[in-house]
Enquirer: 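Below is a structure I'd like to ask you about.
Remember, it's 1-based here, ligands and their atoms both numbered in the order they're listed.
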Amino acid sequence: MEKEVLLYEGKAKKLFKKPDSNELRVEYLDQATALNGQKKDAIQGKGALNNQITSYLFQLLAKEGIHSHFIKKLSKHEQLIEMVEMIPLEVVVRNVAAGSFSKRLGIEEGTPLPRPIVEFYYKDDALDDPFINDDHMAYLGVATVEEREGMRDLALQVNETLQKIFAQIYIRLIDFKIEIGKTVQGGLLLADEISPDTCRLWDAVTNDHLDKDIYRRDLGDILPVYQEVYNRLEKEFSSCI
Ligand code: ADP
Ligand code: UDP
């Protein structure tokens with residue numbers, strides 16, 4: 001029997017690789033972190049919710065022609081994915097001012113943006129994932145101009161489609177982060193996860209937070225809120241997945 005090896009253990013997931021395979025098994029962990037890991041708590045059930053929400057969203061995106069690394073859900077807290085060479089960037093898309101954008105530019109949280117804003121952050125925990133511009137990206141050699149433009153286009157497409165999906169379940173997509181990898185053929189592929197850990201999701205009626213800001217800002221328990229997002233997806237989309 002081929003033995004699986006632990007390829008990577010991060011703050012939210014563990015990746016396992018079988019020898020001679022380009023597929024990874026991902027385990028979503030029952031752990032919440034914020035402030036680059038300085039705040040950390042075990043939260044039972046969170047891994048399963050994020051795995052199930054991500055699985056729904058990747059499948060719904062695929063139905064709209066946006067493919068990702070997702071192959072299949074293996075269990076409540078596990079997924080099978082295609083391994084890619086990750087581009088060390090966090091690509092953020094914003095529809096409404098919030099979080100670091102509001103703080104940096106002094107724009108009140110909740111202010112709608114006339115068109116989506118795409119930002120790139122260099123994924124490096126030791127540097128606290130700094131915001132970088134096109135020249136930094138070229139200097140660091142993390143992506144070619146063509147890859148950068150491809151990532152920007154992909155992020156905007158994901159934004160448009162996710163906004164429609166979330167609108168159907170009465171959720172406003174305020175902003176989100178995605179990660180993108182390169183396939184063996186050299187194409188860009190949407191990877192990592194899309195969940196309330198990586199998106200700001202506000203209830204369309206009350207503007208209540210349905211995301212990790214509950215944890216970051218000590219506003220209460222995240223589990224019922226993540227469960228609410230999952231329940232809405234399940235109610236609206238279970239029959240078409
Ligand atoms: P972090 O690394 O920020 O602590 P996670 O705990 O979520 O985050 O770890 C998951 C890791 O797996 C991330 O570093 C991410 O870039 C990487 N990753 C996500 N999807 C893939 C993929 N398809 N192939 C290879 N690595 C991936
Ligand atoms: N985000 C993320 N991982 C990070 C940083 C940000 O998933 O390491 C997401 C975050 O959930 C939000 C968006 O990216 O949906 C923009 O985050 P922001 O830059 O406002 O940072 P924050 O206020 O969370 O520090």
Side-chain angles (χ1 to χ4, degrees), residues 6-17 21-40 46-47 50-51 54 58 67-71 77 79-105 107 109-110 113 116-132 142 155 158-159 162 166 171-184 187-202 209-217 222 226 229:
L6 176 65
L7 194 69
Y8 180 80
E9 178 164 3
K11 297 185 288 293
K13 302 187 281 294
K14 280 184 188 171
L15 308 183
F16 296 88
K17 186 177 185 304
S21 158
N22 199 39
E23 294 178 353
L24 300 176
R25 181 173 68 82
V26 188
E27 249 179 56
Y28 280 66
L29 307 176
D30 282 341
Q31 181 165 281
T33 63
L35 305 168
N36 196 11
Q38 289 172 54
K39 180 172 153 91
K40 185 168 163 181
K46 173 179 173 286
N50 273 351
N51 177 46
T54 296
F58 279 155
H67 296 284
S68 73
H69 70 175
F70 179 85
I71 299 172
H77 63 280
Q79 251 174 57
L80 192 67
I81 61 166
E82 178 179 338
M83 184 170 74
V84 289
E85 182 195 336
M86 295 305 290
I87 297 175
L89 291 170
E90 298 196 337
V91 187
V92 168
V93 183
R94 303 181 184 272
N95 298 306
V96 175
S100 71
F101 179 89
S102 288
K103 211 181 257 179
R104 196 168 54 240
L105 301 179
I107 313 244
E109 192 159 271
L113 302 171
I117 289 180
V118 180
E119 299 174 344
F120 293 93
Y121 294 82
Y122 184 41
K123 197 172 152 64
D124 185 326
D125 279 346
L127 300 175
D128 220 359
D129 300 342
F131 179 87
I132 59 172
V142 288
V158 170
N159 183 45
L162 278 185
F166 282 121
I171 287 177
R172 296 174 68 200
L173 179 62
I174 304 302
D175 58 32
F176 65 94
K177 178 267 302 182
I178 54 170
E179 293 183 29
I180 296 167
K182 281 189 272 189
T183 62
V184 277
L188 295 178
L189 192 67
L190 175 62
D192 203 51
E193 70 176 275
I194 302 180
S195 73
D197 269 8
T198 63
C199 303
R200 280 199 172 89
L201 305 171
W202 292 4
H209 296 279
L210 300 172
D211 56 52
K212 194 167 146 184
D213 274 347
I214 298 271
Y215 177 74
R216 291 190 192 99
R217 302 177 182 186
I222 57 169
Y226 284 33
V229 173

Enquirer: What I want to know is whether V84 and ligand 1 share at least one N or O pair that is separated by under 3.5 angstrom.
Expert: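 For ligand 1, there is an N or O atom that lies under 3.5 Å from one belonging to V84.
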Enquirer: Between D197 and Y215, is the side chain to side chain contact (heavy atoms under 4.5 Å, CB included) condition met? List the steps.
Expert: CA-CA 10 Å; D197 269 8; Y215 177 74; over 6 Å; no
Enquirer: For ligand 1, which is the ligand I care about here, please tell me if L15 has any N or O atom under 3.5 Å from one of the ligand's N or O atoms.
Expert: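 Min N/O separation from ligand 1 is not below 3.5 Å for L15.
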Enquirer: At a non-hydrogen distance cut-off of under 4.0 Å, which region of K11 contacts ligand 1 (side chain, backbone, both, or neither)?
Expert: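 Looking at K11 and ligand 1, atoms from backbone and side chain both fall under 4.0 Å.
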Enquirer: State, without any angle test, whether N159 and N95 hold a side-chain donor-acceptor pair at a distance under 3.5 Å.
Expert: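 Yes, side-chain donor-acceptor contact under 3.5 Å.
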Enquirer: Does the pair R200/D175 count as a salt bridge with the N-to-O cut at 4.0 Å?
Expert: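 Salt bridge between R200 and D175, a charged N being under 4.0 Å from a carboxylate O: yes.
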Enquirer: I need the atoms of ligand 1 closer than 4.0 Å to a non-hydrogen atom of M83, numbered in the order shown.
Expert: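 Those qualifying, in numeric order: 24 (N).
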Enquirer: How about C199 and D211: do any of their side-chain heavy atoms sit closer than 4.5 Å?
Expert: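 No, side chains not in contact.
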Enquirer: Considering only the protein, which heavy-atom contact is closest to atom 6 (O) of ligand 1, and what is its distance?
Expert: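 Protein heavy atom at minimum distance: A12 N, 2.6 Å.
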Enquirer: What is the nearest protein non-hydrogen atom to atom 7 (O) of ligand 1, stated with its residue, atom name and distance?
Expert: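 The answer is K13 NZ, 2.6 Å.
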Enquirer: Is the shortest N/O to N/O distance between E119 and ligand 2 below 3.5 Å?
Expert: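 Between E119 and ligand 2 (N or O atoms, distance only) the closest approach is not under 3.5 Å.
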Enquirer: Protein heavy atom under 4.0 angstrom of atom 14 (O) of ligand 2, is there one?
Expert: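 Flag for atom 14 (O) of ligand 2 set to true, protein heavy atom closer than 4.0 Å.
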Enquirer: Would you tell me which option among E179, E9, Q79 has the nearest heavy-atom contact to atom 16 (O) of ligand 1?
Expert: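 Closest candidate by heavy-atom distance is E179.
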Enquirer: Give the residue and atom name of whichever protein heavy atom lies nearest to atom 20 (N) of ligand 1, and the separation in Å to one decimal.
Expert: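 That would be D192 N, 3.2 Å.
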Enquirer: Would you please test E90 and E179 for side chain to side chain contact (heavy atoms under 4.5 Å, CB included) and show each step?
Expert: CA-CA 5 Å; E90 298 196 337; E179 293 183 29; 4.0 Å; yes
Enquirer: Less than 3.5 Å between some nitrogen or oxygen of E193 and one of ligand 1, yes or no?
Expert: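 So ligand 1 has no N or O lying under 3.5 Å from an N or O of E193.
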Enquirer: Have R94 and S102 got a donor and an acceptor in their side chains that come within less than 3.5 Å?
Expert: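 Per modelled atom types, R94 and S102 side chains form no pair under 3.5 Å.
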Enquirer: Under a 4.0 Å heavy-atom limit, does I174 contact ligand 2 with its side chain, its backbone, both, or neither?
Expert: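 The answer is neither; I174 stays 4.0 Å or more away.
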Enquirer: Give the C-alpha distance, both sets of side-chain angles, the deciding distance and a yes or no for salt bridge (charged side-chain N to carboxylate O under 4.0 Å, His left out) between K212 and E193.
Expert: CA-CA 14 Å; K212 194 167 146 184; E193 70 176 275; over 6 Å; no
Enquirer: When you look for heavy atoms under 4.0 Å from ligand 2, do you find them on the side chain of K103, its backbone, both, or neither?
Expert: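 Near ligand 2, K103 shows nothing, with every heavy atom at 4.0 Å or more.
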Enquirer: Provide, to 0.1 Å, the distance between atom 21 (C) of ligand 1 and the closest protein heavy atom, together with that atom's residue and name.
Expert: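 The protein heavy atom lying closest is M86 SD, 3.5 Å.
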Enquirer: Would a search of protein heavy atoms around atom 10 (C) of ligand 2 find one under 4.0 Å away?
Expert: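 Within 4.0 Å: yes, protein heavy atom nearby.
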Enquirer: Nearest 0.5 Å please: distance from the NZ atom of K11 over to the OG1 atom of T33.
Expert: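 Here the interatomic distance stands at 5.5 Å.
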Enquirer: Among all protein heavy atoms, pick the one closest to atom 2 (O) of ligand 1 and tell me residue, atom and distance.
Expert: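 Looking only at protein heavy atoms, the one closest to atom 2 (O) of ligand 1 is Y8 OH, 2.5 Å.
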Enquirer: Select one of side chain, backbone, both or neither to describe which atoms of L24 lie under 4.0 Å from any atom of ligand 1, heavy atoms only.
Expert: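 Only the side chain of L24 comes within reach of ligand 1.
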Enquirer: Hey, is K123 one of the residues with a heavy atom under 4.0 angstrom from ligand 1?
Expert: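 Yes, that is the case, since the closest heavy atom of the residue is under 4.0 Å from the ligand.
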Enquirer: Applying a 4.0 Å heavy-atom criterion (strictly less than), which segment of H69 is in contact with ligand 1: side chain, backbone, both, or neither?
Expert: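 The part of H69 near ligand 1 is the side chain, not the backbone.
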Enquirer: Not counting sequence neighbours, which residues clear ring pair (Phe, Tyr, Trp, His ring centres under 6.0 Å) with Y8? List them please.
Expert: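 By the ring pair (Phe, Tyr, Trp, His ring centres under 6.0 Å) rule, Y8 matches no residue at all.
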Enquirer: Hey, is the main chain of A191 close enough, under 3.5 Å, to the side chain of S68 for a donor-acceptor pair?
Expert: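 No, because the side chain of S68 does not come within donor-acceptor range (under 3.5 Å) of the backbone of A191.
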Enquirer: Below 30° counts as parallel, above 60° as perpendicular, anything between as tilted: where do the rings of Y121 and F131 land?
Expert: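 Correct class here is perpendicular.
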Enquirer: Show every salt bridge (Lys or Arg N to Asp or Glu O under 4.0 Å) that has at least one partner inside residues 26-35, sequence neighbours left out.
Expert: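 Listed once each, the pairs are R25-E27.
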Enquirer: Would you kindly specify which portion of R94 sits under 4.0 Å from ligand 2, judged on non-hydrogen atoms: side chain, backbone, both or neither?
Expert: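 The part of R94 near ligand 2 is the side chain, not the backbone.
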